[in-house]
2 protein chains.
Amino acid sequence: MARPDKDSAGDTAMRILDVAEHLVQTRGFNGFSYADVAAEINITTASLHYHFPGKAELGRALIARYATNFFEALADIERRLPDAPARLQAYAELYSRVLREQRLCLCGMLAAEYQTLPAQMREAVITFFDDNEAWLTRVLEVGRQEGTFDFTGSAAGIARMIICGLEGAMLVARPYGESDRFQAAAAQLLSGLKKGVSSPTEAPAASPATV
Amino acid sequence: MARPDKDSAGDTAMRILDVAEHLVQTRGFNGFSYADVAAEINITTASLHYHFPGKAELGRALIARYATNFFEALADIERRLPDAPARLQAYAELYSRVLREQRLCLCGMLAAEYQTLPAQMREAVITFFDDNEAWLTRVLEVGRQEGTFDFTGSAAGIARMIICGLEGAMLVARPYGESDRFQAAAAQLLSGLKKGVSSPTEAPAASPATV
DNA sequence: GTCTATAGGCAGATAGAC
DNA sequence: GTCTATCTGCCTATAGAC
């Protein structure tokens, strides 16, 4: 954002984050090493330590950037899409795009490894989920007021279920390598919210363009 | 099963599996070492290699035993509970019990680490999910025939959604250390299937004894 | 900022005595 | 079956030159 072209200044740090993010999302935080990152960008591990003193700091930076990007994407959704159901669809599509690259949600992966994470990373993971829940809750409440969503319980409860469902769908679908598996589960999960639908089962068997 | 009392024969292997299972469910397959297991049962790592030649073999054995126990529990549910909704509740309760010990589903954890697993373990993880799906699908179909479940799509699709939802609920709830979080998400997830319920949102805000 | 060199520790694994 | 001893390799991390 500061210097889009310079190759020497803050660019290396960003390339490190790019590579490390990919590694965490595919192999987990305990499944990659500084050597893996260093090798992929033709640098030594010593140089890596210049940019990020330890793995904990690198991990914290990864979550910070991931969260920033994610919530920018959510803000963008709100700008582009006016109605609640479209926003919810777009939200699920964010997850779908990650899975299509054979990745898990960064914080979903870190949630699995939670017990082994440094404290600073733990807090950041929790915050990510909290903020997701808050955003979804707002969308759901707006939808209910507009009359486009039909539910009676707490919006926050539905929001949590959606987050759990989408994170779980990524987790389980990835080993199969079928993105359909995620699409279908996501569609099934969200289908019950639509106004006038009587059961959560009338999911439109994952139409390609949807979700 | 063979010798319930003997302390020297096959007992060590079982204690190794007990400790290793706990470690994988809490820290992940890449988050523990032979030394961790050895220390906890007062044995050397060399002895560990006698029982399980390598970590891959240990991992394979872990999944095999976990799956056996899990499907025995499912068979037990079918024996004890005659109607489909009760069976589904009991199914969710199995997950809940695991989470209460701060553990993830073994195969849920391994799904996160899937890309780093030896091939033999990968297959076993997939099979576990497939078998779960098959069991749930049967329960759902029976429920629909009995008239206790109300859904229109494919039972297999619902089954997949339930598995994803429960695995995701464990994943996300554990960092919070609140078992309520899982209970609520699970209740929300299953609420839409009940006959005569109009939306998936009328979840009975996680009554303690339920699920 | 990046390098070479290196430390110190832990990983999974093996040989061979008992 | 379990031990001691040991190997090789990789891990995170640091010192110091350029």
Side-chain angles (χ1 to χ4, degrees), chain A residues 2-24 26-63 110 113 115-121, chain B residues 2-3 5-24 26-63 110 113 115-122:
Chain A
R3 340 184 187 80
D5 299 306
K6 277 285 203 48
D7 188 72
S8 54
D11 189 53
T12 301
M14 212 186 71
R15 284 166 63 201
I16 291 169
L17 289 172
D18 287 339
V19 172
E21 181 180 89
H22 183 247
L23 284 167
V24 174
T26 50
R27 306 179 50 88
F29 192 71
N30 294 325
F32 84 102
S33 70
Y34 264 39
D36 295 327
V37 180
E40 200 151 348
I41 61 179
N42 291 316
I43 217 176
T44 62
T45 60
S47 297
L48 254 182
H49 281 282
Y50 168 80
H51 294 280
F52 302 96
K55 219 182 168 186
E57 288 77 17
L58 174 56
R60 193 173 39 75
L62 281 174
I63 305 174
L110 295 176
E113 301 177 290
Q115 308 248 41
T116 69
L117 298 183
Q120 38 187 334
M121 289 181 67
Chain B
R3 339 182 188 81
D5 300 305
K6 278 285 203 47
D7 187 73
S8 55
D11 189 53
T12 301
M14 212 186 71
R15 285 166 63 201
I16 292 169
L17 289 173
D18 287 339
V19 172
E21 181 181 89
H22 183 247
L23 284 167
V24 174
T26 49
R27 307 178 50 88
F29 192 72
N30 295 325
F32 83 102
S33 69
Y34 263 39
D36 295 327
V37 180
E40 201 151 348
I41 61 180
N42 292 315
I43 218 177
T44 61
T45 60
S47 297
L48 254 181
H49 281 282
Y50 168 81
H51 295 281
F52 303 95
K55 219 182 168 186
E57 288 77 17
L58 174 57
R60 192 172 39 74
L62 281 174
I63 305 174
L110 295 177
E113 301 176 289
Q115 308 249 39
T116 69
L117 298 183
Q120 39 187 334
M121 289 182 67
R122 293 191 186 190

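Residue numbers begin at 1 in each chain, while the letters A, B, ... track the order of the sequences.
With rounding to whole Å, Leu58(A) atom CG is found 15 Å from dC11(D) atom C1'. Atom CZ in Arg15(B) sits about 13 Å away from atom P in dG1(D), given to the nearest Å. Rounded to whole angstrom, the span from the NE2 atom of His49(A) across to the P atom of dA7(C) amounts to 16 Å. At whole-Å resolution of the value, CG in Asn30(B) and P in dC10(C) are 18 Å apart. The nearest whole Å value for the distance from the OH atom in Tyr50(A) to the P atom in dT2(C) is 8 Å. Whole-Å rounding puts the Leu48(A) CG to dT4(C) P distance at 14 Å. As a whole-Å value, the separation of Phe52(B) CZ from dG1(D) P is 12 Å. Put simply, CZ on Phe32(B) is 11 Å from C1' on dG12(C), counting in whole angstrom units.
Side chain of Glu113(B) to backbone of Phe29(B): a donor-acceptor contact under 3.5 angstrom is found.
Between Ala38(A) and Thr44(A), the shortest heavy-atom contact is CB-C, 3.9 Å. Contact record, Thr12(B) with His51(B): CG2-NE2, 3.5 Å, taken as the closest heavy-atom pair.
Between dT2(D), dA13(C), dA15(C), one nucleotide has an atom nearer to the side chain of Ala46(B) than all others, and that is dA15(C). Residue Tyr34(A) has its side chain nearest to dT12(D) when only dT12(D), dA11(C), dC3(C) are considered. Among the nucleotides dG1(C), dC11(D), dA13(C), the one closest to any side-chain atom of Ala35(A) is dC11(D). Out of dA13(D), dG12(C), dC3(C), the shortest distance to the side chain of Thr44(A) is found at dC3(C). Checking dC11(D), dC3(D), dA11(C) against every side-chain atom of Ile43(B), the shortest atom distance belongs to dC3(D).
For the pair Ser47(B) and dG1(D), the criterion of a side-chain N or O lying under 4.0 Å from OP1 or OP2 is not met. Note on His51(B): a side-chain N or O is less than 4.0 Å away from OP1 or OP2 of dT2(D). The shortest distance between the side-chain N/O atoms of Thr12(B) and the OP1/OP2 oxygens of dT2(D) is below 4.0 Å.
Judged by distance alone, the side chains of Arg60(B) and Gln120(B) do bring a donor and an acceptor atom under 3.5 Å apart.
The side-chain tip of Lys55(A) does not point at the ring of Tyr34(A) from less than 6.0 angstrom away and within 45° of straight on.
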